[in-house]
Amino acid sequence: AQECQNLELEKQKRMERIRQKRAQLQELILQQIAFKSLVQRNQASEASSQAPPPPGSVIQLPFIILNTSVRTVIDCSISNDKCEYLFNFDNTFEIHDDIEILKRMGMSLGLENGKCSPENLRVAKSLVPKSLETYVTGMASGSTHTSSLSGLCGDQDC
Amino acid sequence: RSRILVSIGESFGISSSDKFSKINQMVSSSDWTLKRGYDGGSAPKPLKRL
Amino acid sequence: RQQALQKEVSELTRAEDKLDELIAKCNLQLRLLTEDSQNKKLGYVMCQDLRNTVDPPDQLVMVVRAPPETQMEVSEPSDGYQISLKSARGPIEVFLCPED
């Protein structure tokens, strides 16, 4: 009985760690797909316009953005060497990193919320190595949220 | 005083998204009327652009 | 029951090892991808892309491009909010994304 109790505990701990690692792997897959989609989009638009975009109109990765109402008062102090900034806001704001922005731009093809069209699924699978294709299929249909063993580790031979 | 520290500038893929969600939660959950000393009619001061 | 549990735990161990292997592979792939010089050049968004992702679109959008290991601290003094940025590896770029 004691042995069973220990094994039951071990089983719960492992399942929780697998859940966390699956989420981590999904995020990595999303980032890989989002980055490749962005590069492909920019490559196609530069090819069609026969020229790179004007330097002032592009924002190179990595970046973060901070958005707030136009009515917000922002007091800003900057050190001479531009290595230190201090901002005081009198209103709410939001901070997002580039990964979040790419997802909002649709670069992760709807995989982040399980709403991926068949065409987007085909594109997404072409952007990842073969060993991850079953994962991408599971993410597209949101089916990797099961607690079954195969659902947990995302591929059938588990 | 709540305070959140996060390291930024890392290459793409080293995600701090969960830290930013905590910051956004902290900021949006505060009661701004108290903060601004809001007395009803006072419009915010003229905006200072960077 | 003990044998059944033992079998389940060993299957979970295998599944976890497989995930560790895939995560390590993905991290390496992503790093190689983002460090490739051509991809570095093509890894950009347009100002309009940023505008399209904020709601309402007429918000003020501030872009921060910082060197690695820049420390950002968000604190809540008595009135309003304070954000401090400190870089030990070069200047920080901060600019507003134009409205149009």
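Order of the sequence lines fixes the chain letters, A, B, ..., with proteins taken first and strands second; residue numbering starts at 1 for each chain. Side chains are part of it too, since the values below use all heavy atoms of this structure and drop only hydrogens, waters and symmetry mates.
Looking at C:Glu8, its side chain never comes within 3.5 Å of a backbone N or O of A:Glu8 through a donor-acceptor pair. Between the A:Asn67 side chain and the C:Val61 main chain, no donor and acceptor come within less than 3.5 Å of each other. A donor-acceptor contact shorter than 3.5 Å links the side chain of A:Asn42 to the backbone of C:Tyr44. At distances below 3.5 Å, at least one donor-acceptor pair connects side-chain atoms of A:Gln60 with backbone N or O atoms of C:Lys41. In terms of modelled atom types and a separation under 3.5 Å, the side chain of C:Arg65 and the main chain of A:Phe63 share no donor-acceptor contact.
In this structure, the side chains of C:Met72 and A:Ile64 come closer than 4.5 Å at one or more pairs of heavy atoms. Here the side chains of C:Leu5 and A:Lys11 are in contact, with some heavy-atom distance below 4.5 Å. The closest side-chain heavy-atom distance from A:Gln32 to C:Leu33 is below 4.5 Å. Residues C:Leu42 and A:Arg41 form no side-chain contact, since every pair of their non-hydrogen atoms from C-beta on lies 4.5 Å or further apart. Contact of the A:Ile65 side chain with the C:Met62 side chain is not registered, since no non-hydrogen atoms from C-beta on lie closer than 4.5 Å. In this structure, C:Leu85 and A:Phe87 have side chains that are in contact, with non-hydrogen atoms separated by less than 4.5 Å. Two residues are said to be in side-chain contact when any heavy atoms from C-beta on lie closer than 4.5 Å; A:Lys82 and C:Ile92 fail this criterion. Taking 4.5 Å as the limit, every side-chain heavy atom of C:Lys86 sits out of range of all side-chain heavy atoms of A:Tyr85.
Among all heavy-atom pairs drawn from A:Pro53 and C:Met46, the shortest one is CB-CE, 3.8 Å. Minimum heavy-atom separation, A:Leu86 to C:Ser84: CD1-CB, 3.6 Å. Among all heavy-atom pairs drawn from C:Leu22 and A:Leu132, the shortest one is CD2-CD2, 3.8 Å. Between C:Cys26 and A:Ile29, the shortest heavy-atom distance links the atoms SG-CG1, 4.2 Å. Contact record, C:Gly90 with A:Cys83: O-SG, 3.5 Å, taken as the closest heavy-atom pair. When all heavy atoms are compared, the tightest approach of C:Gln59 to A:Ser69 is OE1-N, 3.8 Å.
Neither the backbone nor the side chain of C:Asn52 comes within contact range of chain A; no heavy atom of the residue lies under 4.5 Å from a heavy atom of that chain. Neither the backbone nor the side chain of A:Gln40 comes within less than 4.5 Å of any heavy atom of chain C. Using a 4.5 Å cut-off between heavy atoms, C:Gln38 touches chain A through its side chain atoms alone. Residue A:Pro52: no heavy atom, backbone or side chain, is found under 4.5 Å from chain C.
Contacts with chain A were tallied for C:Ile23, C:Thr34, C:Val9; C:Ile23 has the most, counting heavy-atom pairs under 4.5 Å. Per-residue counts of heavy-atom pairs under 4.5 Å with chain C were compared for A:Glu94, A:Glu46, A:His96; the largest is that of A:Glu46. Of the residues considered (C:Glu93, C:Arg1, C:Lys25), C:Arg1 shows the highest number of contacts with chain A, using heavy-atom pairs under 4.5 Å. Ranked by heavy-atom pairs under 4.5 Å with chain C, the first of A:Val128, A:Leu28, A:Thr68, A:Leu7 is A:Thr68. Counting heavy-atom pairs under 4.5 Å between each of C:Gln29, C:Arg89, C:Lys40 and chain A puts C:Gln29 at the top. Residue with the most contacts toward chain A among C:Asp49, C:Val64, C:Thr13, C:Val45: C:Val45 (heavy-atom pairs, distance under 4.5 Å).
The OG atom of A:Ser131 sits 7.5 Å away from the NZ atom of C:Lys18 when rounded to the nearest 0.5 Å. From C:Gln2, atom CD reaches atom CD of A:Glu3 across 4.5 Å, with rounding to the nearest 0.5 Å. The line from CD1 of A:Ile59 to SG of C:Cys97 is 5.0 Å long, rounded to the nearest 0.5 Å. Expressed to the nearest 0.5 Å, how far OH of C:Tyr81 lies from CG of A:Asp90 amounts to 13.0 Å.
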| request: Might you work through the side-chain contact (heavy atoms from CB on, under 4.5 Å) test for A:Thr72 and C:Leu60, ending with a clear yes or no? | output: CA-CA 9 Å; A:Thr72 300; C:Leu60 199 88; 5.9 Å; no

| side-chain contact (heavy atoms from CB on, under 4.5 Å) assessment of C:Ile83 paired with A:Leu66 | CA-CA 11 Å; C:Ile83 296 183; A:Leu66 209 148; 3.5 Å; yes

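Summarising the local packing, CD of A:Gln20 is surrounded by more than 12 heavy atoms from other residues, nucleotides or ligands at distances under 6.0 Å. Within 6.0 Å of the CG atom in A:Asn113, the count of heavy atoms belonging to other residues, nucleotides or ligands exceeds 12.
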